[in-house]
Structures are given as C-alpha cells and as structure tokens.
Amino acid sequence: PTALQECHFAALPPDDDPGSNGPTPLDVACVAPADDDKCQAILKLLLDAGAEPIFYHTDSGEMRYNMLHVVAASSWCESQEESPLMSTSRTKMVIELFMNHRSKYFMKWGSTMQSQYNSNTLTPIQVSAMFG
C-alpha cells in the first residue's frame with residue numbers, strides 16, 4: 001500500500017540499476033506456492049542450486065538486504081479483512097529454514113543474516129518492527 005511505500009524502500013533498498021530491481025526467484029518462492037511444504041522444497045532446491053539469500057548493489061557490491069529482511073517486510077496487511085503477504089506459518093517456516101541451528105542454511109547464511117544491516121542500516125528485527 002502507498003502508506004507503507006517509504007517503509008518498504010527502507011526495508012528493501014532498491015538497486016541503483018533499475019534492471020536489477022524486482023522479485024528474485026527466492027522472493028517468488030516465498031509467496032507464490034499455496035502450500036508451505038512446497039514452498040520449503042522450492043526454497044531448498046533454489047538454495048542448493050546456488051541461489052544467494054543475500055542481495056547486493058550491482059555497482060558497489062554493498063549488501064542491500066537479505067531474505068530475513070524480505071520476510072520482515074512481508075508481514076503487513078492493508079486492512080484487518082486482508083491477510084498479510086506471507087502467512088504466519090510461511091513466515092515461521094522461512095525463518096526456521098535460516099535460523100534453526102541444526103539447519104545447513106543457518107550454518108551457511110543464517111548466523112550472519114540474523115543481525116546483518118541492510119544498506120539503510122536496518123536489521124531484520126528493526127524492519128519487522130517497522131511493519132508491525
């Protein structure tokens with residue numbers, strides 16, 4: 001929604017190169033499947049195939065945001081009659097994928113991502129607080 005557009009740009013800073021903006025395959029995999037198990041399977045396939053859950057500015061190489069910022073920014077809804085972009089169960093599943101200490105994705109990325117600042121110096125937990 002328009003009211004949250006400024007928060008969205010703060011949470012998920014756009015790249016200076018307009019051609020590098022837009023949803024990534026990981027972004028789509030987080031929201032498109034109707035079933036959480038299928039979502040998880042697709043995310044794991046993408047990650048195991050080399051998809052990176054940390055996104056960088058193409059010109060400077062500076063970190064833009066990571067998948068935990070994406071999850072945090074997906075908790076909004078326009079009204080109480082509407083559900084959030086990501087369901088509670090989907091949000092928990094994606095967070096668990098990266099934050100469970102027994103997960104290979106925690107070892108590879110999650111331990112870094114949990115407190116990683118985006119290029120607007122916001123951590124995933126700060127982004128989550130912005131969106132309620």
Novice: Given R64 and N21, is the side-chain contact (heavy atoms from CB on, under 4.5 Å) satisfied, shown in steps?
Specialist: CA-CA 11 Å; R64 287 171 57 199; N21 292 316; 3.3 Å; yes

Novice: Can M63 and Y56 be said to form a side-chain contact (heavy atoms from CB on, under 4.5 Å), step by step?
Specialist: CA-CA 4 Å; M63 202 276 288; Y56 299 89; 3.9 Å; yes

Novice: Can you measure from OH (Y105) to CE (M99) and round to the nearest 0.5 angstrom?
Specialist: 15.5 Å

Novice: Do F98 and L47 have side chains that approach each other closer than 4.5 Å (heavy atoms only, starting at C-beta)?
Specialist: yes

Novice: Is it the case that the side chain of S74 and the backbone of V70 share a donor-acceptor pair, with hydrogens and angles ignored and the cut-off at 3.5 Å?
Specialist: yes

Novice: Measuring from M86:CE to C30:SG, what's the distance to the nearest 0.5 Å?
Specialist: 4.5 Å

Novice: Run the side-chain contact (heavy atoms from CB on, under 4.5 Å) test on L97 and K44 for me, step by step, so that the C-alpha distance in whole Å, both residues' side-chain angles and the decisive distance to 0.1 Å come before the verdict.
Specialist: CA-CA 9 Å; L97 190 67; K44 286 179 175 182; 3.6 Å; yes

Novice: Which pair of non-hydrogen atoms, one from S89 and one from D36, has the smallest distance, and what is that distance?
Specialist: OG-OD2, 2.5 Å

Novice: Between the main-chain N or O of A11 and the side-chain N or O of N118, is there a donor-acceptor pair closer than 3.5 Å?
Specialist: yes

Novice: What's the shortest heavy-atom distance between C39 and M93, and which atoms?
Specialist: SG-CE, 3.4 Å

Novice: State plainly whether one hydrophobic cluster holds both F9 and F131, where clusters connect Ile, Leu, Val, Met, Phe, Trp and Tyr through side-chain heavy atoms under 4.5 angstrom apart.
Specialist: no

Novice: How close do D16 and H57 get, counting heavy atoms only, and between which atoms?
Specialist: N-ND1, 4.3 Å

Novice: Is there a side-chain contact between T24 and E52 in this structure, where contact means two heavy atoms from C-beta onward sitting under 4.5 Å apart?
Specialist: no

Novice: Do the non-hydrogen side-chain atoms of M67 and L26 ever get within less than 4.5 Å of each other?
Specialist: yes

Novice: So N66 and F55, do their side chains get closer than 4.5 Å, heavy atoms only?
Specialist: no

Novice: I want to check something: taking the side chain as every heavy atom from C-beta on, are P124 and Q114 in contact at a cut-off of under 4.5 Å?
Specialist: no

Novice: Over all heavy atoms of both residues, which pair between A29 and P33 is shortest? Give the atoms and the distance, please.
Specialist: O-CD, 3.2 Å

Novice: How about D17 and S20: does a side-chain donor come under 3.5 Å of a side-chain acceptor?
Specialist: yes

Novice: For the atom pair CG (L45) and CD (Q40), what is the distance rounded to the nearest 0.5 Å?
Specialist: 11.0 Å

Novice: To the nearest 0.5 Å, how far apart are CG in L68 and OG1 in T91?
Specialist: 11.0 Å

Novice: Would you call the rings of H69 and Y65 parallel, tilted or perpendicular, taking 30° and 60° as the class edges?
Specialist: perpendicular

Novice: Sub-3.5 Å donor-acceptor pair from the side chain of D15 to the main-chain atoms of T58, do we have one?
Specialist: yes

Novice: Using modelled atom types and a 3.5 Å cut-off, is there a donor and acceptor pairing between side-chain atoms of T123 and backbone atoms of Q116?
Specialist: no

Novice: Between K104 and D48, does any NZ, NE, NH1 or NH2 come within less than 4.0 Å of an OD or OE carboxylate oxygen?
Specialist: yes

Novice: Indicate yes or no: at least one non-hydrogen side-chain atom of Q126 is less than 4.5 angstrom from one of Y117.
Specialist: yes

Novice: Decide yes or no for L122 and M130: does some side-chain heavy atom of the first lie under 4.5 Å from some side-chain heavy atom of the second?
Specialist: yes

Novice: Take a 6.0 Å sphere around CD1 of I125 and say whether it holds more than 12 heavy atoms from other residues, nucleotides or ligands.
Specialist: no

Novice: Once rounded to the nearest 0.5 Å, what's the spacing between atom OG of S111 and atom NE2 of H101?
Specialist: 8.5 Å

